[in-house]
Amino acid sequence: MTIDARVEELLSRMTPAEKAGQLTQYFYFRLPPGAPGPVLDIDPDEQPRMVESQLAQSAVGSLLFVTDPAETNRLQRLAVEGNRLGIPALFGFDVIHGLRTVFPVPIAMAASWDPETIEAGQVVAAREARAVGVHWSFAPMVDVARDPRWGRIVEGAGEDPFLGAVVAAAQVRGFQGPELGTPERIIAGPKHFAGYGYAIGGRDYDEVNISDSELWNVVLPPFVAAIEAGAGNVMTAYMDFNGIPATGNRWLFADVLRGTLGFEGFVVSDANAVRNLLTHGFAADLTDAGARAVNAGVDLEMAISAPAYAHLPEALESGATDIEAIDACVRRVLEAKIRMGLFDDPYVDEDRARAVLADPAHRDVARVAAERSAVLLRNEGGLLPLDADALGSVAVIGPLADSPRDTIGPWVFDFDLDETVTVLAGIRARAGGSDQSGHDASAPHSVRSGRPAPDHAVRVEYARGVPVVQREFPSLFDMFGGNTPSDPEGFDEEAEFRRAVDLAAGADVAVVVVGEWQNMIGEMASRSSLELPGRQLELLQAVVATGTPVVLLVMNGRPLDLRWAAENVPAILDIWYPGTQGGAAVANLLFGDVSPGGKLPFTWPRTVGQVPMTYAHTISHEPENQARRYWDEASTPLFPFGHGLSYGRFAYTELTVDEPSTTTDGTVTVSVEVTNTGDREADEVVQLYLHQRHGTASRPVRELKGFRRVTLSAGESRTVSFPVGPDERRYWNAAVRDWVTDTSTFDVWVGGDSTAELGATFDITT
Ligand code: BGC
């Protein structure tokens with residue numbers, strides 16, 4: 001029987017209530033005792049019981065938040081046996097940057113500018129998720145983010161639509177494989193459709209107003225790429241989109257997503273977002289909310305409690321929706337279940353699941369990803385890499401340096417803190433000799449650096465230096481427990497501060513780790529300041545004042561105010577939240593086993609007052625004053641988009657465009673020679689930027705239109721070429737409401753960041 005025939009056969013036997021059940025997805029979680037549950041209006045004991053009884057009555061077709069294989073099997077059995085038609089449940093989960101093996105956070109993965117590394121990470125995540133019974137990830141988040149106050153910048157690929165599109169497609173390929181139902185893979189769900197990253201003031205969930213030009217040229221390209229890569233699902237967004245709630249926005253889903261973008265998979269609402277149509281002052285009641293979301297083409301409602309879709313039978317009776325609209329949704333959900341093979345084999349093998357989660361090869365992929373995503377922001381005097389053989393002692397300083405929970409970052413739930421390698425543990429294992437590793441060498445996943453232990457042991461000593469900083473309001477995820485940081489018992493702030501400074505004073509080098517605690521970033525974690533929280537800057541200043549050379553490691557998911565450090569600290573390495581193997585990767589980078597090669601996926605502002613800030617701005621009156629738009633601060637960034645150093649040194653020469661001019665449908669090839677003039681092998685991300693000088697609209701001063709990460713040994717040269725064709729030059733013109741490719745003169749630059757100076761021009765004629 002074809003998939004369509006199976007779907008129609010099931011559909012013909014379903015009652016309206018059973019259809020509503022298939023369109024309902026419930027959270028299922030067991031909260032730890034005493035969990036605050038700040039935003040969830042539920043009784044933590046009652047919720048699982050309620051969901052189980054709903055499962056047994058065919059009133060729910062999908063669950064989220066279950067990752068224990070025994071639990072997924074138990075609940076699946078309830079669904080299959082409770083459902084008159086034997087329809088299995090689809091299990092979704094936020095597999096954002098890994099399940100048990102935690103990868104660097106998504107913004108870090110984007111900073112690798114390496115689609116292969118990104119894809120490899122999601123292959124591992126999919127394998128682990130599928131093994132425990134999860135069929136679908138609510139990822140990638142492909143929201144373009146240009147305001148770092150918004151906490152969810154950590155979940156995306158940053159500010160650029162071109163980079164964002166490449167990253168989105170790589171993630172979808174990694175999660176799903178070539179098609180839905182590929183063994184050991186899961187459904188990918190790009191989110192949040194659309195424009196969630198433009199929350200006004202950077203305040204999560206607040207309204208979004210996006211111009212036509214911004215929508216098509218900046219916001220949608222990553223979604224287009226994810227859909228072209230085959231994404232089986234798309235998630236809606238919470239906020240008002242140009243005055244209409246996104247989740248009830250028929251234009252967004254029927255016209256744009258399914259019409260123009262040709263999306264054929266199923267759409268899920270964000271959690272409680274259908275219900276929220278009441279909160280927005282849009283729907284009159286739950287029946288109205290359900291009808292309007294279904295009519296907009298939102299197939300599945302993700303609910304915490306009291307779903308609006310339970311009222312669909314009433315909406316049908318009153319004529320607020322019709323059976324065609326409901327059936328269209330049910331068809332798409334059933335099709336996904338059939339394609340994923342759930343009717344053939346709804347259960348998982350629990351022993352196999354345990355083996356997959358423990359697979360040491362997964363940790364190696366994570367370590368390499370962390371190595372490839374770090375960004376060397378500054379390296380004055382070549383302080384890095386450190387020479388372990390020449391060092392007597394290292395002082396490791398800062399509470400984030402030895403915090404496993406912060407090392408893996410936000411948006412993880414199924415982690416294993418015991419196997420997480422902190423920066424301190426990584427440095428000890430790499431340089432400190434085996435007795436100092438702090439890890440049981442017989443443990444299955446201790447520090448897997450892949451390199452022999454050094455002969456000469458460096459003395460590695462540690463001081464926290466400053467207390468942790470608590471959030472003023474509980475984090476969304478504090479309810480799961482174990483997320484809120486705390487100081488050790490008896491922590492004496494002043495004594496510890498002095499101890500840290502003394503330790504630094506007596507060491508050959510100080511490695512200071514600063515940043516944000518992981519619960520300060522992510523969902524519901526916007527900030528009105530980009531300053532280092534707490535006394536971290538003061539500590540850094542005191543350590544630098546000792547005269548000991550300082551390497552600053554930044555643990556973050558958004559740019560922070562590093563103005564002082566950028567002037568006064570010789571070496572700054574952005575390590576992000578580097579994941580399970582983070583400390584091992586950081587140690588390999590610090591001691592030069594590998595060279596950093598990541599690049600910034602966003603413009604790094606000097607101060608919060610400059611945001612939002614993007615390199616791809618248009619230009620207007622008095623461009624000579626572009627850098628002086630504020631009277632109290634330069635209007636240039638601290639570090640430009642695409643910036644990142646390495647242990648090599650790269651020279652760009654011989655930029656050529658193969659044709660001086662071509663027609664609007666023609667393609668020119670831009671080539672450049674890149675040489676590693678340094679004395680060791682390193683990676684460089686070669687970036688191509690384009691600018692249209694005049695045309696039927698004003699265009700940004702530069703836009704990324706091509707990049708390639710290359711590895712060059714000392715002295716090696718390589719010619720790198722990029723096509724610049726109609727796809728690279730076309731843009732959405734808001735005046736004519738269509739895509740245009742103008743005749744014009746174009747500037748093109750190729751280099752190692754968005755300020756590249758080596759340029760050429762070419763003409764496009766009719
Ligand atoms: C987030 C989504 C997430 C969902 C399920 C929501 O609050 O906005 O991105 O997938 O929760 O956890």
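Note that the coordinates shown come from a computational prediction; the quantities given were computed from them, not determined experimentally. Positions are given from 1 along the sequence. Each ligand, and each atom within it, is numbered from 1 in the order the structure gives.
- Residue contacts with ligand 1 for M141 are absent, since no atom lies close enough (heavy atoms, distance under 4.0 Å).
- Interface of F138 with ligand 1, defined as ligand atoms under 4.0 Å from a residue heavy atom, comprises 10 (O).
- Of the candidates V330, L90, V234, L90 is the only one forming a side chain to side chain contact (heavy atoms under 4.5 Å, CB included) with F266.
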task: Evaluate the side chain to side chain donor-acceptor pair (under 3.5 Å) criterion for residues T236 and T247: first the C-alpha distance (whole Å), next the side-chain angles of each, then the deciding distance (0.1 Å), finally the verdict.
output: CA-CA 6 Å; T236 73; T247 300; 2.9 Å; yes
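- Salt bridge R275/E301: absent, no basic N to carboxylate O contact under 4.0 Å.
- Among all non-hydrogen protein atoms, the one lying nearest atom 7 (O) of ligand 1 is E523 OE2, 2.7 Å.
- Within the listing of ligand 1, atoms 2 (C), 3 (C), 9 (O), 10 (O) sit less than 4.0 angstrom from a heavy atom of K191.
- In this structure, R405 satisfies the cation-pi test against F415, with its NZ or CZ atom closer than 6.0 Å to the six-membered ring centre and inside 45 degrees of the ring normal.
- Within the listing of ligand 1, atoms 12 (O) sit less than 4.0 angstrom from a heavy atom of F65.
- The cationic group of R292 lies under 6.0 Å from the six-membered ring centre of F282 and within 45° of the ring axis, placing it in a cation-pi geometry.
- At a heavy-atom cutoff of 4.0 Å, ligand 1 is contacted by the side chain of R152 but not by its backbone.
- Proximity of the aromatic rings of F65 and F413 is defined here by a centroid distance below 6.0 angstrom, and this criterion is met.
- Looking from atom 4 (C) of ligand 1 to the surrounding protein, the closest heavy atom is D270 OD1, 3.5 Å.
- Among all non-hydrogen protein atoms, the one lying nearest atom 12 (O) of ligand 1 is D94 OD2, 2.5 Å.
- Within a 6.0 Å radius of CD in E264, other residues, nucleotides and ligands contribute 12 heavy atoms or fewer.
- Heavy atoms of H192 come nearer than 4.0 angstrom to ligand 1 in at least one pair.
- Of all atoms in ligand 1, numbered sequentially from 1 with element shown, those under 4.0 Å from a heavy atom of M235 are 2 (C), 10 (O).
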